[in-house]
Amino acid sequence: MELRRTAAWLLLIVAVIAPATASAEERIKAVATFSILGDLVRQVGGERVAVTNLVGPDADTHSFSPSPDDARRLAGADIVFVNGLGFEGWIERLIRASGTRAPVVVASSGAKTIAGSRDHADHGHDHVPGSLADSHDDPHAWQSVANAKLYVAAIRDGLSRIDAAHAAGYAENARAYSEKLDALDAEIRATISEIPEARRRIITTHDSFGYYTQAYGLRFVAPQGLSTDSEAGPRDVARIIRQIRQQKIPAVFLESIADPRLMEQIARESGARVGGRIYSDALSAADGPAPGYIEMMRANLRAFREALG
């Protein structure tokens with residue numbers, strides 16, 4: 001009797017678990033190179049897509065070193081999403097090493113790019129075919145919400161190509177999320193407009209907010225270039241300190257991916273206020289202030305308003 005009862009329980013457990021396991025196996029396995037892009041993929045993919053990020057929250061994609069586990073993740077993927085524009089200097093080598101046959105979607109392929117500085121070209125970055133940009137383009141295109149909408153469209157199209165049966169769902173998710181992005185864009189513009197124009201200047205660790213400047217009129221100055229691969233030298237630091245004093249720049253901000261000591265030194269020697277922690281190239285952890293793209297942009301906006309308004 002006891003044996004039959006145990007067998008019955010086992011059959012019940014299998015019956016309960018099996019459908020869930022089958023459902024999980026049917027989900028599209030997507031790999032995104034970094035956390036911001038991964039969140040956009042989740043918004044479009046919804047429950048149909050399981051997303052894995054290679055570079056996690058509060059981590060620096062510029063200096064990331066892939067591991068064998070990362071190659072295995074790519075090998076098992078159904079689709080791979082990259083930023084492109086030379087942002088992931090390691091991605092082409094990783095794709096080759098993984099042997100993946102998954103299609104690679106360059107999320108920035110439709111974005112309106114701006115030219116970057118020469119230093120970004122000097123860090124040996126690879127470029128994914130189809131990135132539609134050379135090494136002089138600024139890769140941080142997501143800092144403009146209008147560009148983030150173009151990322152969403154590229155993600156929608158990529159998922160629809162490999163999972164045409166659910167294309168209507170991806171289109172609806174993209175439409176609904178784009179409406180939220182429109183509201184976010186309007187909120188940023190309204191908030192920046194309330195900051196006195198003379199105070200719309202900020203120092204950040206590296207040059208990752210060029211698109212934000214172009215879209216919203218807040219000016220950023222950085223001792224490092226577009227990539228964190230290069231360290232700011234004494235001349236760079238001295239130049240920034242002089243600029244802060246001459247232009248009366250009110251605040252310096254600590255990026256979540258950067259060593260805070262450089263900005264603390266600049267603040268100390270220039271007399272500028274440390275305006276807080278902002279997010280440029282990565283989201284925060286799930287329990288932090290910037291677990292998603294929209295939350296990240298709003299967290300940064302709050303920090304700017306409080307320091308400059």
Side-chain angles (χ1 to χ4, degrees), residues 34-37 39-40 42-44 83 85 87 107-116 133 137-156 173-222 226 247-257 272-284 288-309:
F34 67 116
S35 57
I36 295 171
L37 181 56
D39 180 62
L40 297 180
R42 286 187 186 90
Q43 300 300 329
V44 177
N83 183 75
L85 303 177
F87 181 61
S108 68
S109 59
K112 299 176 181 178
T113 60
I114 60 178
D137 286 331
D138 184 339
H140 307 90
W142 62 84
Q143 289 294 348
S144 158
V145 176
N147 273 340
K149 289 181 64 177
L150 296 174
Y151 278 45
V152 166
I155 293 165
R156 175 202 63 204
N173 291 346
R175 184 203 61 76
Y177 189 65
S178 292
E179 287 185 358
K180 295 180 180 179
L181 293 178
D182 286 336
L184 172 66
D185 186 71
E187 179 183 344
I188 295 172
R189 293 181 187 280
T191 301
I192 298 298
S193 71
E194 295 173 357
I195 299 173
E197 189 169 350
R199 293 182 61 81
R200 295 179 195 172
R201 289 172 294 182
I202 286 173
I203 304 291
T204 55
T205 311
H206 84 294
D207 191 9
S208 57
F209 287 91
Y211 292 91
Y212 203 105
T213 294
Q214 185 184 64
Y216 307 115
L218 200 60
R219 294 174 55 195
F220 295 80
V221 180
L226 293 174
Q247 299 181 7
K248 296 181 173 58
I249 296 176
V252 300
F253 285 84
L254 310 177
E255 292 180 50
S256 64
I257 63 170
R273 172 186 175 185
V274 176
R277 184 180 178 91
I278 58 174
Y279 297 84
S280 57
D281 293 11
L283 301 177
S284 71
Y293 175 77
I294 289 177
E295 293 89 345
M296 177 192 79
M297 297 296 280
R298 284 187 171 139
N300 288 345
L301 186 63
R302 285 193 301 272
F304 298 152
R305 182 187 62 218
E306 290 169 6
L308 304 178

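Not measured: the values here are computed from a predicted model. These numbers come from the heavy atoms of this one structure, side chains and all, not from hydrogens, waters or symmetry mates. Along the sequence shown, residues are numbered consecutively beginning with 1.
With sequence neighbours excluded, no residue forms a ring pair (Phe, Tyr, Trp, His ring centres under 6.0 Å) with Y293. Applying the side-chain contact (heavy atoms from CB on, under 4.5 Å) test to R42 and every residue at least two apart in sequence or in another chain returns V51, N53. Partners of Y216 under the ring pair (Phe, Tyr, Trp, His ring centres under 6.0 Å) rule, at least two apart in sequence or in another chain, are Y212. Residues that satisfy the side-chain contact (heavy atoms from CB on, under 4.5 Å) test with S144, not counting sequence neighbours, are A146, N147, Y211, A215. Every residue was checked against the side chain to side chain donor-acceptor pair (under 3.5 Å) condition with N173, not counting sequence neighbours, and none meets it. Residues that satisfy the side-chain contact (heavy atoms from CB on, under 4.5 Å) test with Q43, not counting sequence neighbours, are D39, Y177. Contacts of R201 classified as side-chain contact (heavy atoms from CB on, under 4.5 Å), with partners at least two apart in sequence or in another chain: R219, Q247, I249.
Using a distance-only test at 3.5 Å, with no hydrogens or angles considered, a donor-acceptor pair links the side chain of S193 to the main chain of A190. In this structure a side-chain-to-backbone donor-acceptor pair under 3.5 Å is present from R200 to I195. Between the side chain of Q143 and the backbone N or O of S280 there is at least one donor-acceptor pair closer than 3.5 Å.
In this structure, the side chains of I278 and F209 come closer than 4.5 Å at one or more pairs of heavy atoms. The shortest side-chain heavy-atom distance between D138 and L85 does not fall under the 4.5 Å cut-off. Between P139 and N83, the closest side-chain pair of non-hydrogen atoms falls below 4.5 Å.
Across all non-hydrogen atoms, the minimal contact from I192 to L218 is CD1-CD2, 4.0 Å. Closest heavy-atom contact between I114 and Q214: CG2-NE2, 3.1 Å. Here the closest non-hydrogen pair linking V152 and A174 is CG1-CB, 3.7 Å. The shortest heavy-atom contact between D281 and S208 is OD1-CB, 3.7 Å. What you find for A111 and Y151 is that their closest heavy atoms are CB-CE1, 4.3 Å.
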For residues 301-309, which side-chain N or O atoms pair as donor and acceptor with protein atoms under 3.5 Å away, sequence neighbours left out?
none

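Listed by first then second residue, pairs satisfying salt bridge (charged side-chain N to carboxylate O under 4.0 Å, His left out) with a partner in residues 176-187 read K149-D182, R175-E179, D185-R189, E187-R298, not counting sequence neighbours.
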